[in-house]
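Below you'll find the structure, written out as structure tokens, and then a few comments.
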Amino acid sequence: MVSVASWNINSVRLRMPIVAQFLTEQAPDVLCLQEIKTVEETFPFEAFNALGYTHHAIHGQKGYHGVATVSRIPMKEFSRHDWQANGEARHVGVELTGRGLGSGQDMVIENVYVPAGGDVPDREVNPKFGQKLDFLQRMTDWAETIERPTLIVGDFNIAPLESDVWSHKQLLKVVSHTPLEVETLQRFKDAHDFVDVGREFIKDPERYFSWWSYRSKDYRVGDRGRRLDHMWASPELAAKATGHSIYEDCRGWEKPSDHIPLVTEFAL
DNA sequence: ATGGTAGGAACCCTA
């Protein structure tokens with residue numbers, strides 16, 4: 001059994017107490033973090049080592065963005081992509097190495113932080129929106145070249161289904177749920193026949209959110225959430241998924257991230 | 001229709 005978690009942590013240094021609580025309670029084998037907001041030099045390695053997560057792949061950046069994958073089972077860094085072509089740290093890939101490659105048990109884990117895309121869903125007036133679409137197109141080109149069982153996880157910053165948002169109608173023109181973004185994400189999905197593992201276990205149209213804005217006093221009031229975080233697997237790997245859990249309580253913990261962690265378990 | 005909060009770095013940008 002291998003379990004993999006994904007969590008947009010919004011500053012790993014500030015959030016280390018709740019990361020430690022989550023790892024202590026749930027003990028996933030691998031944790032993929034997005035928005036670590038630090039460079040590798042100031043990443044809290046010792047805190048993760050003390051919890052047993054002694055394998056690390058850090059793609060950090062000063063102040064913004066940044067991703068990190070930590071593990072308590074052997075792994076090594078496999079790739080880094082700059083799908084925005086501007087130097088931002090939004091991806092790191094690892095391969096699990098402890099089980100022997102070619103054993104039918106190997107897995108590549110791609111940890112990605114898709115750009116949010118700004119406020120206006122029009123690339124002519126908002127270049128960030130264009131960068132988001134271009135990022136997804138480069139991911140799509142890359143997906144066509146995948147040759148090994150792959151799990152891609154992270155903050156995709158898109159909620160594709162009507163049941164992924166608190167109000168489909170009210171969010172149709174809000175960046176993260178526009179038809180153009182949903183279509184662009186679908187093309188990425190089709191490029192490798194990715195399986196949306198979360199939705200294999202929490203079926204549409206069941207409510208499934210992973211993010212609630214900070215801009216409200218109590219995230220529970222109105223439950224205005226969106227599913228921005230995803231775990232997608234190659235078909236042969238998705239067939240080995242045995243469970244999927246989300247931890248909404250973490251949104252109410254002390255000094256929370258605005259995202260919650262997701263965990264998928266695989267029989268490998 | 002609007003503005004609301006959070007984090008990091010440096011007094012603004014990103015989300």
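Letters go in sequence order (proteins before strands), and every chain restarts at 1.
- Taking atom CG of A/Asp258 as the reference point, atom P of B/dA6 lies 10 Å away to the nearest angstrom.
- To the nearest whole angstrom, the two P atoms, one in B/dA15 and one in B/dT2, are 23 Å apart.
- Looking at heavy-atom distances under 4.0 Å, A/Tyr219 makes no contact with the nucleic acid at all.
- Between A/Gly117 and A/Ser213, the residue anchored closer to the 5' end of DNA chain B is A/Ser213, taking for each the nucleotide with the nearest heavy atom.
- In this structure, the ring of A/His259 has its center no less than 6.0 angstrom from the ring center of A/Trp7.
- A/Lys173 and A/Asp122 are not joined by a salt bridge, as no carboxylate oxygen comes within less than 4.0 angstrom of a charged side-chain nitrogen.
- Across the protein-nucleic acid pair, A/Met16 atom CE and B/dG7 atom P stand 16 Å apart, rounded to whole Å.
- The distance between atom CH2 of A/Trp211 and atom C1' of B/dA6, rounded to the nearest whole Å, is 12 Å.
- Remark: the separation of the C1' atoms in B/dA9 and B/dC13 is 9 Å, to the nearest Å.
- Separating the CH2 atom of A/Trp7 from the P atom of B/dA15 is a distance of 20 Å, rounded to the nearest angstrom.
- The side chain of A/Leu14 approaches B/dG7 more closely than any other nucleotide in the set B/dG7, B/dA9, B/dA15.
- Contact annotation for A/Arg15: backbone-only contact, meaning every heavy-atom pair under 4.0 Å involves sugar-phosphate atoms and none involves a base.
- Phosphate proximity of B/dG8 to A/Ser11: present, with a side-chain N or O under 4.0 Å from OP1 or OP2.
- Taking atom C1' on both B/dC11 and B/dG7, the two are 15 Å apart, rounded to the nearest angstrom.
- Cation-pi check for A/Arg123 over A/Phe129 is not met; the charged atom does not lie both under 6.0 angstrom from the ring centroid and within 45 degrees of its normal.
- Of the two residues near DNA chain B, A/Asn157 and A/Pro256, the one whose nearest nucleotide lies more 5' is A/Pro256.
- Phosphate contact (OP1/OP2 of B/dA15, side-chain N/O of A/His65, threshold under 4.0 Å): present.
- Computed from coordinates, the A/Tyr64 OH to B/dC12 P distance equals 12 Å when rounded to whole Å.
- Heavy-atom minimum distance, A/His59 versus A/Arg80: CD2-NH1, 3.4 Å.
- The CD atom of A/Gln61 sits 12 Å away from the C1' atom of B/dC13 (whole-angstrom rounding).
- One finds no side-chain N or O of A/Lys128 lying less than 4.0 angstrom from the OP1 or OP2 phosphate oxygen of B/dC13.
- Between the C1' atoms of B/dA10 and B/dT14, the separation comes to 14 Å (whole Å).
- For the C1' atom pair drawn from B/dA1 and B/dC12, the interatomic distance equals 26 Å after rounding to whole Å.
- A/Phe48 and A/His56 have their aromatic ring centers separated by at least 6.0 angstrom.
- In this structure, of B/dA15, B/dG8, B/dT5, it is B/dT5 that holds the atom nearest to the side chain of A/Tyr214.
- The base of B/dA15 sits with one of its N or O atoms less than 3.5 Å from a complementary donor or acceptor on the side chain of A/Arg215.
- Using a 4.0 Å heavy-atom cutoff across all strands shown, A/Arg90 reaches sugar-phosphate atoms only and no base atom.
- Regarding A/Ile158, its CD1 atom lies at a distance of 15 Å from the C1' atom of B/dA15, rounded to whole Å.
- Following rounding to the nearest Å, A/Gln170 (CD) and B/dT2 (C1') show an atom-to-atom distance of 14 Å.
- As judged by a 4.0 angstrom heavy-atom cut-off over every strand, A/Lys217 is placed among residues making no nucleic acid contact.
- For A/Phe156 and A/Tyr113, the gap between ring centers reaches or exceeds 6.0 Å.
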